[in-house]
Undergrad: 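Let me give you the structure first, and then I'll get to my questions.
Only a predicted model underlies this, so the values are computations on that prediction, with no experimental measurement involved.
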Amino acid sequence: MTSVKVTPDMVKELRERTGVGMGKCKEALDQAQGDMEKAIDLLRKAGMASAVKKEGRETKEGMIATAESKDAIALVEINAETDFVVQNDRFKQFALDVAKEAAETKPASLEAFVQQKFSKDPTLTIDEYRAIVMQSLGENIRIRRIQLFPKSSSASLAIYSHMGGKIVTFVELEGGAGQEGLAREVAMHIAAESPDYLKPEEVPADIKAREEEIARGQVVGKPEAIVEKIVEGKLKAFYDQVCLLRQKYVKDNAVTISDLVAKEGQRLGKPLAVRRFIRWQVGA
């Protein structure tokens, strides 16, 4: 394995992501031969890093626009080079137009979408419309991603937009229409708490194995029976942090999101369940 030269920028990024001192970050990176994720694991095993930021570098500028048609909801992320352009009314209108177009036409892919005709001006494709806006604003603009959510009479859908479209969340709540208020409460929670998975069963095996390895590395030398209990407890704490249904509700930490939804279902006399969610952040 070729050794990677550890640079000051790498040390700075590791510090930003872990909160650990520069010296210890440099040692961990040296030991990990420049591998950022391995260095994080080493610091966690040593008990020096607990809450790790997913990314230390700045994100790209842009906004996430949403739109609704009679049978679908669309999310679209549009990127630009500077926040100055993102705050421009022409850029905002372009983002809204693209979201509305996606909701109405329900394209099969982003690639197909940018090549289709723009309904407000059929002489242009969506990509040609983008090029005109780009020329007008003087910055590179791109449609980074789109996602569609079909409406259903058996589900309630909700969108929550935060920080002017920098963070947008979506929740689908099974159990019939009319529960958009509850779905929006869950969507607001997701924006604040940033879960990665819906429930523990959805955590990939490699992620679970990594957490188990880190937990075992923190309790070296203890009897196996005690180690197993400690590892089990640490995995539970991990699930409580990254799984939406296990998280404490941001407005009332006496209940989990699972409890919140179940309680409302009991009040209504019908089962309710979070079927899926997403959390988009510009550049992430």
Side-chain angles (χ1 to χ4, degrees), residues 63-78 92 95-110 113 143-203 239-282 284:
M63 71 175 293
I64 299 159
T66 66
E68 209 172 317
S69 65
K70 64 179 181 179
D71 53 6
I73 289 176
L75 270 66
V76 179
E77 180 179 347
I78 314 288
K92 291 179 180 179
L96 183 59
D97 284 344
V98 169
K100 285 181 177 178
E101 198 81 7
E104 291 289 347
T105 61
K106 298 180 284 296
S109 66
L110 175 59
F113 178 60
I143 303 171
R144 183 185 175 208
R145 53 181 169 172
I146 62 174
Q147 191 158 347
L148 296 164
F149 303 98
K151 294 181 178 179
S152 164
S153 60
S154 64
S156 297
L157 311 182
I159 293 282
Y160 177 69
S161 180
H162 185 56
M163 296 174 61
K166 297 292 185 186
I167 296 172
V168 171
T169 59
F170 164 86
V171 170
E172 181 174 348
L173 196 64
E174 284 185 328
Q179 303 308 312
E180 287 78 14
L182 176 60
R184 181 173 167 78
E185 287 294 319
V186 177
M188 290 172 66
H189 168 94
I190 292 165
E193 296 301 302
S194 190
D196 294 310
Y197 312 100
L198 180 61
K199 51 191 175 182
E201 292 80 5
E202 294 185 1
V203 178
Y239 293 145
D240 290 348
Q241 180 184 358
V242 301
C243 297
L244 173 63
L245 297 181
R246 297 274 290 262
Q247 288 183 333
K248 298 293 186 184
Y249 179 35
V250 72
K251 289 186 177 181
D252 180 3
N253 63 14
V255 297
T256 64
I257 293 298
S258 180
D259 295 334
L260 177 73
V261 174
K263 185 177 180 181
E264 183 63 12
Q266 288 173 353
R267 188 184 73 81
L268 295 170
K270 61 180 181 179
L272 297 176
V274 179
R275 179 174 178 267
R276 60 175 168 166
F277 76 91
I278 68 164
R279 183 186 189 277
W280 277 11
Q281 183 166 337
V282 169

Undergrad: Side-chain contact, heavy-atom cut-off 4.5 Å: I190 with Y160?
TA: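 Counting from C-beta outward, I190 and Y160 never come under 4.5 Å.
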
Undergrad: Supply the atom-to-atom distance E77 CD to K166 NZ, rounded to the nearest 0.5 angstrom.
TA: 9.5 Å

Undergrad: Please report the interatomic distance NZ(K106) to CD(E101), rounded to the nearest 0.5 Å.
TA: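 Interatomic distance, K106 NZ to E101 CD, rounded to 0.5 Å: 11.5 Å.
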
Undergrad: Does any part of the side chain of L245, heavy atoms only, come nearer than 4.5 Å to the side chain of P200, both counted from C-beta?
TA: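 Side chain of P200 against side chain of L245, heavy atoms only: no contact under 4.5 Å found.
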
Undergrad: Relative to each other, are the rings of F170 and F149 parallel, tilted or perpendicular (30° and 60° limits)?
TA: parallel

Undergrad: Once rounded to the nearest 0.5 Å, what's the spacing between atom NZ of K70 and atom CD of E104?
TA: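 With rounding to 0.5 Å, NZ (K70) is 8.5 Å from CD (E104).
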
Undergrad: Could you verify whether a donor N or O on one side chain and an acceptor N or O on the other, from T256 and S258, lie under 3.5 Å apart?
TA: no

Undergrad: Are any non-hydrogen side-chain atoms of V186 and L173 less than 4.5 angstrom apart?
TA: no

Undergrad: Quick one: are D259 and Y249 in side-chain contact, heavy atoms under 4.5 Å?
TA: no

Undergrad: Check the surroundings of atom NZ in K263: do more than 12 heavy atoms from other residues, nucleotides or ligands lie under 6.0 Å from it?
TA: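 Not more than 12 within 6.0 Å, no.
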
Undergrad: What distance separates I146 CD1 from L75 CG, expressed to the nearest 0.5 Å?
TA: 10.5 Å

Undergrad: Any non-hydrogen side-chain atom of L96 less than 4.5 Å from a side-chain atom of K92?
TA: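 Counting from C-beta outward, L96 and K92 never come under 4.5 Å.
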
Undergrad: Once you round to the nearest 0.5 Å, how far does CD1 of I64 lie from CD of Q281?
TA: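 Atom-to-atom, I64:CD1 and Q281:CD are 7.5 Å apart.
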
Undergrad: Under 4.5 Å between any side-chain heavy atoms of L260 and D252, yes or no?
TA: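 Side chain of L260 against side chain of D252, heavy atoms only: no contact under 4.5 Å found.
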
Undergrad: Which is it for H189 and L244 under the side-chain contact (heavy atoms from CB on, under 4.5 Å) test, yes or no, and what are the steps along the way?
TA: CA-CA 9 Å; H189 168 94; L244 173 63; 3.7 Å; yes

Undergrad: Any non-hydrogen side-chain atom of I257 less than 4.5 Å from a side-chain atom of E193?
TA: no

Undergrad: Measure the CD-CZ distance between E174 and R276 for me, rounded to the nearest 0.5 Å.
TA: 10.0 Å

Undergrad: Between R246 and D240, does any NZ, NE, NH1 or NH2 come within less than 4.0 Å of an OD or OE carboxylate oxygen?
TA: yes

